Amino acid sequence: MAKKRFYITTPIYYVNDKPHIGHAYTTIAADVLARWHRLEGDEVFFLTGTDEHGAKVAQSAEELKKTPQQLCDENSKKFKQAFKNLNIDYSYFIRTTDQRHKEAVAKFMQKLWKNGEGDIYEGTYEGLYCTGCENFLTEKELIDGKCPNHLKAPEKIKEKNYFFKLEKYLPQVRELIEKDEIKIRPEDKKKETLGLFKQGLEDFSVSRERVKWGIPLPFDQSQVTYVWVEALQNYISAIGYGDNQKEFEKWWVETGPLHLMAKDILKFHCVYWPALLLAAGEKPPKEIFVHGFFTINGQKMSKSLGNVIDPEELVKKYGADATRYLLLAQFPFGQDGDIKAEKFDEQFNADLANGLGNLVSRVLNLVVKYNESKVPERDDSTFFVDKTGMMTISVKNGIVGGLSGTTAGGVWYMLDKLINRFDFSAAIDIIMQRVIKPCNQVIDNSKPWETWKTDKASWEKLMYTLLEVIRHMGWMIRPFMPNTSDEIFKQLGIPKEGQKILNAETMKWGGLPPGTKIKKGKILFPRM
RNA sequence: CGCGGGAUAGAGCAGCGGUCAGCUCGUCAGGCUCAUAACCUGGAGGUCGGGGGUUCGAAUCCCCCUCCCGCAACCA
C-alpha cells in the first residue's frame with residue numbers, strides 16, 4: 001500500500017434530469033474507490049459535477065419560464081443534495097457554468113484552433129431541424145417522420161459548424177488503447193472500443209450555430225461549443241487547466257485520471273476525448289473504467305417506461321450506507337445487471353440485518369452480559385478452526401486471516417486486490433463469507449453463553465478475538481458504509497479509530513485495548 | 001456476416017483448463033438460545049443453451065447453431 005496519488009472522476013451529469021439510480025451508482029462506486037485510497041493514505045482528488053449547457057436545458061428552462069441559469073442552479077443543487085444524502089465525499093463539484101470552466105474551455109478551443117492552423121476547420125452541418133424544439137433531431141427520434149413533441153415534420157437545414165479532425169488522430173489513439181497506455185477496462189469494453197475504429201469514425205462537429213446556451217468559441221463568437229466537447233473538458237478545468245498550471249501538472253500530467261462511467265458514453269471518453277487532448281498537446285487519460293447498465297425487472301430503465309428508481313427513495317427506506325451497499329452488491333461492477341425491488345429487502349435482511357448487524361449485536365451483548373461491558377484480556381495463542389478444518393479466524397500471526405491455506409492477512413489481501421480491480425460485489429462477498437459467517441460459526445461451536453461460567457479463560461480468548469475481528473470489519477466496510485463503520489467503532493468504545501488511516505499499524509492484530517468499556521448502542525440495521 | 005455481451009439448481013449470480021461445479025435467497029429436516037423470530041448443522045435440487053472439435057482432462061479453449069439483451073451522435 002504505497003503512498004501515492006489518485007485522481008478519480010465520474011461523468012458530469014446533465015442537469016436536465018433529476019438524479020436517478022444510475023447517477024447514484026457511478027458516483028457511489030467512485031466514492032468507494034476514493035475512500036479506499038484515502039484509507040490507504042493516498043492523496044485523493046475525487047471529481048464529480050454537473051453538465052449544464054445545451055439546447056435541451058435552454059428549452060426546458062423556457063417551458064418552465066425560467067432562465068437557463070436559474071434552472072441549472074436549481075437542478076445542480078439537487079445533485080449536490082442527492083450526493084450528500086448518499087454520503088458522497090467528493091473533493092470538488094464542478095459545474096460547467098462555472099466561470100473557471102468557461103475560461104478553461106476557451107483556452108482549450110483556442111489551442112485547437114491555433115488561428116486556423118490547428119485541427120479545427122469550417123464545414124456544414126446538415127440535419128433535421130424542428131422549429132418547435134429549436135433543435136436538431138435524429139432519424140431515430142422521429143415518429144412517422146414527425147417530431148414526437150410537436151407532431152410536425154422537421155425541416156432539413158444546414159448550418160455552419162466547425163469540425164474537429166478526428167481522423168488525423170485515430171491511428172494514434174487506437175495504438176494507445178491497444179498498448180494500454182490508455183487503459184480501458186474491463187477487457188470487453190476495450191474490445192468494443194477497438195471495434196469502433198474498425199467500423200470507422202468520422203470527424204465531428206464541435207460547435208453549434210443555433211444553440212445559444214453554451215460557451216462561445218473563442219475564435220467565432222457566433223458559435224457555441226458543442227456541449228459534449230465542452231463537458232469533457234471538465235476533467236481538466238476542475239484541476240486548474242489554464243489557470244493553475246501547478247495543480248494541473250500534479251493531477252493531470254503526473255497522476256493521470258481514472259474516468260469512471262457507464263457504457264453509453266464510452267465513445268466520447270475512449271475516442272473523442274483522447275483525440276481532443278492530443279490535438280491540444282495534452283496527455284490522454286490514463287485509465288477508463290466502464291461499468292454496466294441496470295435493467296429493472298428485466299426491462300431497460302427508462303423514463304417512458306416509468307420504471308426509474310429514485311435514489312432518494314432508497315435512501316429514505318434503507319439509509320445511505322445500506323443503499324450504497326445494496327447497489328454495489330447487486331452484480332459485478334463491469335457488467336450489466338438486473339435489479340428487482342424485492343431483492344433489496346431480501347439482501348438487506350440477509351447481509352446487513354441478520355449478518356453484519358446481528359453479529360455485532362450478539363457479540364457486544366455477550367460482553368455486556370458476562371463481562372460488565374469490558375473488553376477481556378488479549379490472548380494470541382488461540383485460533384479457531386471450523387469443522388472442515390479451514391482456518392477461519394486466525395490470530396496466530398497477529399493479523400486477521402480467513403482463508404484456508406493462505407497466509408494470515410488473507411482477507412485484507414483479497415479485499416485490496418478486489419477493490420483495485422473494481423470488483424465491489426466480490427469484495428463485499430468476501431466480508432460476508434470470510435468474516436461474518438466464520439464468526440457466527442465460531443460462536444455457535446464455542447457456546448460462550450456457557451463457557452463464561454465454566455471456562456472463563458477460553459471465554460476471554462474467544463471474545464477478545466471476536467471483538468477484534470469486529471474492529472477489523474469496521475475498517476473493511478468503511479469505504480462502503482462509512483457511517484456504520486463509525487458506529488461500530490463507537491460501540492466498541494474507540495470512536496477515535498475512525499480518524500486514523502488504515503496502515504500496517506491499524507491493521508495489526510490487537511488494536512483494541514483490553515479493558516475498554518464497550519457501549520452497545522442502537523441496532524445497526526433493523527430488519528425490514 | 002455492423003459491434004459487443006449473455007445463456008450454470010425454483011430465483012438471482014460466481015467460477016472462465018484440473019480438488020465431489022460454488023455463493024445468496026427460497027425450500028425440507030435437525031440443533032442452539034448469546035443475538036435484530038436471529039444464528040449453526042445437514043438434505044433435496046444442475047447431463048453448466050444445442051451440436052461438433054482440441055486436450056490425459058472443458059462450464060472453462062476453437063468452430064457452427066438457437067434464443068435473449070445492449071449499442072449504432074438524448075440518457076449512469
Side-chain angles (χ1 to χ4, degrees), chain A residues 10-11 13-14 16-17 19-29 54-56 127 135-138 140-141 186 188-189 191-202 204-205 226-228 260-268 272 290-295 298-303 308 311 329-332 334-340 342-343 345-347 349-355 357-370 386-387 423 425-426 429 432-433 436-437 439-450 452 463 520 522-528:
Chain A
T10 72
Y13 305 112
Y14 205 51
N16 203 28
D17 195 5
H20 64 228
I21 198 166
H23 302 121
Y25 187 63
T26 312
T27 313
I28 289 167
K56 290 219 168 169
N135 197 13
F136 286 98
L137 302 174
T138 59
K140 215 173 97 184
E141 287 174 304
D188 57 277
K189 293 300 189 300
K191 250 165 63 185
E192 196 171 331
T193 308
L194 291 171
L196 291 173
F197 287 86
K198 266 181 251 162
Q199 288 181 66
L201 291 152
E202 290 169 6
F204 59 91
S205 159
Y226 176 41
V227 251
W228 255 112
L260 209 64
M261 74 204 61
K263 59 184 185 178
D264 54 327
I265 49 180
L266 177 141
K267 190 199 240 172
F268 293 99
Y272 294 178
V290 187
H291 71 251
F293 263 175
F294 290 118
T295 52
Q299 281 185 311
K300 188 184 170 177
M301 184 179 94
S302 82
K303 272 177 276 181
V308 177
Q330 293 311 301
F331 49 83
Q335 296 173 27
D336 290 350
D338 193 48
I339 279 188
K340 287 189 169 68
E342 319 90 72
K343 246 207 108 183
D345 274 9
E346 211 178 278
Q347 195 161 18
N349 284 339
D351 289 2
L352 298 176
N354 300 347
N358 183 244
L359 176 68
V360 171
S361 167
R362 82 188 289 207
V363 169
L364 292 192
N365 203 55
L366 284 163
V367 180
V368 170
K369 223 161 173 170
Y370 302 128
D386 75 12
K387 267 186 75 176
D423 201 344
S425 53
D429 204 50
M432 292 299 140
Q433 295 311 309
I436 291 173
K437 181 130 190 163
C439 280
N440 276 323
Q441 289 172 330
V442 166
I443 294 173
D444 276 51
N445 292 340
S446 311
K447 303 194 196 331
W449 54 91
E450 287 174 8
W452 74 279
M463 293 314 299
K520 187 171 177 351
K522 62 174 183 199
I523 282 178
L524 263 25
F525 300 101
R527 279 178 65 89
M528 287 289 150

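By convention in this document, chain letters (A, B, ...) are assigned in the order of the sequence lines, proteins followed by strands, and residues within each chain are numbered from 1. The structure presented is a predicted model; accordingly, all values stated were derived computationally and were not measured.
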Give the nucleotide from the list [options] with an atom nearest to the side chain of [X].
| X | options | result |
| --- | --- | --- |
| Gln441(A) | C34(B), C40(B), G5(B) | C40(B) |
| Arg362(A) | C34(B), G5(B), U41(B) | C34(B) |
| Arg527(A) | U33(B), U36(B), A76(B) | U36(B) |
| Glu346(A) | A73(B), G12(B), C25(B) | C25(B) |
| Ile523(A) | U36(B), C40(B), C34(B) | U36(B) |
| Ala262(A) | A73(B), C32(B), A76(B) | A76(B) |
| Asp444(A) | G31(B), C32(B), A73(B) | G31(B) |
| Lys56(A) | C34(B), C74(B), C40(B) | C74(B) |
| Asn358(A) | U36(B), G12(B), A76(B) | U36(B) |
| Ala350(A) | U36(B), U24(B), A76(B) | U24(B) |

Think [X] has a side-chain N or O under 4.0 angstrom from the OP1 or OP2 of [N]?
| X | N | answer |
| --- | --- | --- |
| Asn16(A) | C75(B) | no |
| Lys191(A) | G5(B) | yes |
| Gln347(A) | C25(B) | no |
| Lys522(A) | U36(B) | no |
| Gln433(A) | U24(B) | yes |
| Trp228(A) | C75(B) | yes |

With the threshold set at 4.0 Å, does a side-chain nitrogen-carboxylate oxygen contact exist between Asp429(A) and Lys437(A)?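 So Asp429(A) does not pair with Lys437(A) through a salt bridge.
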Just the rounded figure in Å: distance from [atom2] of [N] to [atom1] of [X].
| X | N | atom1 | atom2 | answer |
| --- | --- | --- | --- | --- |
| Leu196(A) | A73(B) | CG | C1' | 12 Å |
| Glu342(A) | U24(B) | CD | C1' | 15 Å |
| Asn445(A) | C40(B) | CG | P | 10 Å |
| Lys447(A) | U33(B) | NZ | P | 7 Å |

Assuming nearest nucleotide by heavy-atom distance, tell me which of Phe204(A) and Ala24(A) is located more 5' along RNA chain B.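 Going by which nucleotide is closer to the 5' end, it is Phe204(A).
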Along RNA chain B (nearest heavy atom to each residue), the more 5'-positioned of Tyr370(A) and Glu192(A):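 Whichever sits nearer the 5' end wins; that is Glu192(A).
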Please confirm whether the backbone N or O of Gly357(A) pairs with a side-chain atom of Ser361(A), one donor and one acceptor, at under 3.5 Å?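 No, because the side chain of Ser361(A) does not come within donor-acceptor range (under 3.5 Å) of the backbone of Gly357(A).
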Taking the [atom1] atom in each of [N] and [M], what is the distance between them to the nearest angstrom?
| N | M | atom1 | answer |
| --- | --- | --- | --- |
| C20(B) | A9(B) | C1' | 16 Å |
| G22(B) | C68(B) | C1' | 25 Å |
| C56(B) | C23(B) | P | 32 Å |
| A11(B) | U60(B) | C1' | 24 Å |
| U8(B) | C3(B) | P | 25 Å |

Please report the interatomic distance CG(Leu196(A)) to CG(Leu266(A)), rounded to the nearest 0.5 Å.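 The CG atom of Leu266(A) is 6.5 Å from CG of Leu196(A), to the nearest 0.5 Å.
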